[in-house]
Enquirer: 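After the structure tokens below, expect a handful of questions from me.
Counting begins at 1 with the first residue of the sequence. In this text, all values refer to a predicted model and were calculated from it rather than measured experimentally. Every number for a ligand or one of its atoms is a count from 1 in the order of the listing.
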Amino acid sequence: MEAVLSVPPLVVGVALAVGLGLYWGLRNYQRCPHCGHIVRRVAQGWLRCRACGRQYSKGLRVR
Ligand SMILES: [Zn+2]
């Protein structure tokens with residue numbers, strides 16, 4: 001019963017990878033302010049949403 005609290009290193013690695021992936025995804029992607037599609041975050045200027053074809057900019061964010 002002494003192994004209950006010990007976590008296998010593989011699980012820690014996977015959890016770390018998932019956390020980093022989520023963090024990276026949140027930093028680099030946003031939702032389209034028009035249709036809610038996941039789109040790339042704008043660093044500068046405007047981008048066009050592939051789903052609805054409308055443009056969005058850095059300032060246009062839904063929450
Ligand atoms: Zn859209």
Enquirer: Quick check: closest heavy atoms across C49 and H37, and the distance to 0.1 Å?
Expert: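 Closest pair (atom of C49, atom of H37, distance): SG-CB, 4.1 Å.
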Enquirer: In Å and rounded to the nearest 0.5 Å, what is the SG to CZ distance from C32 to R54?
Expert: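 Here the rounded value is 7.5 Å.
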Enquirer: Could you grab the distance from atom CD1 of I38 to atom CZ of R40, nearest 0.5 Å is fine?
Expert: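 Interatomic distance, I38 CD1 to R40 CZ, rounded to 0.5 Å: 14.0 Å.
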Enquirer: For G36, is there any backbone N or O sitting under 3.5 Å from a side-chain donor or acceptor partner on R31?
Expert: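 Yes; at least one donor-acceptor contact below 3.5 Å.
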Enquirer: Hey, is the Zn ion (ligand 1) within less than 2.8 Å of some N/O/S atom on C35?
Expert: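 Short answer: yes, at least one N, O or S atom is under the cut-off.
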Enquirer: Verify the distance test for H34 against the Zn ion (ligand 1): any N/O/S atom under 2.8 Å, yes or no.
Expert: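 No, since none of the N, O or S atoms of H34 sits under 2.8 Å from the Zn ion (ligand 1).
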Enquirer: The Zn ion (ligand 1) as vertex, arms to SG of C52 and SG of C49: angle to 10°?
Expert: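 Angle SG(C52)-the Zn ion (ligand 1)-SG(C49): 110°, rounded to 10°.
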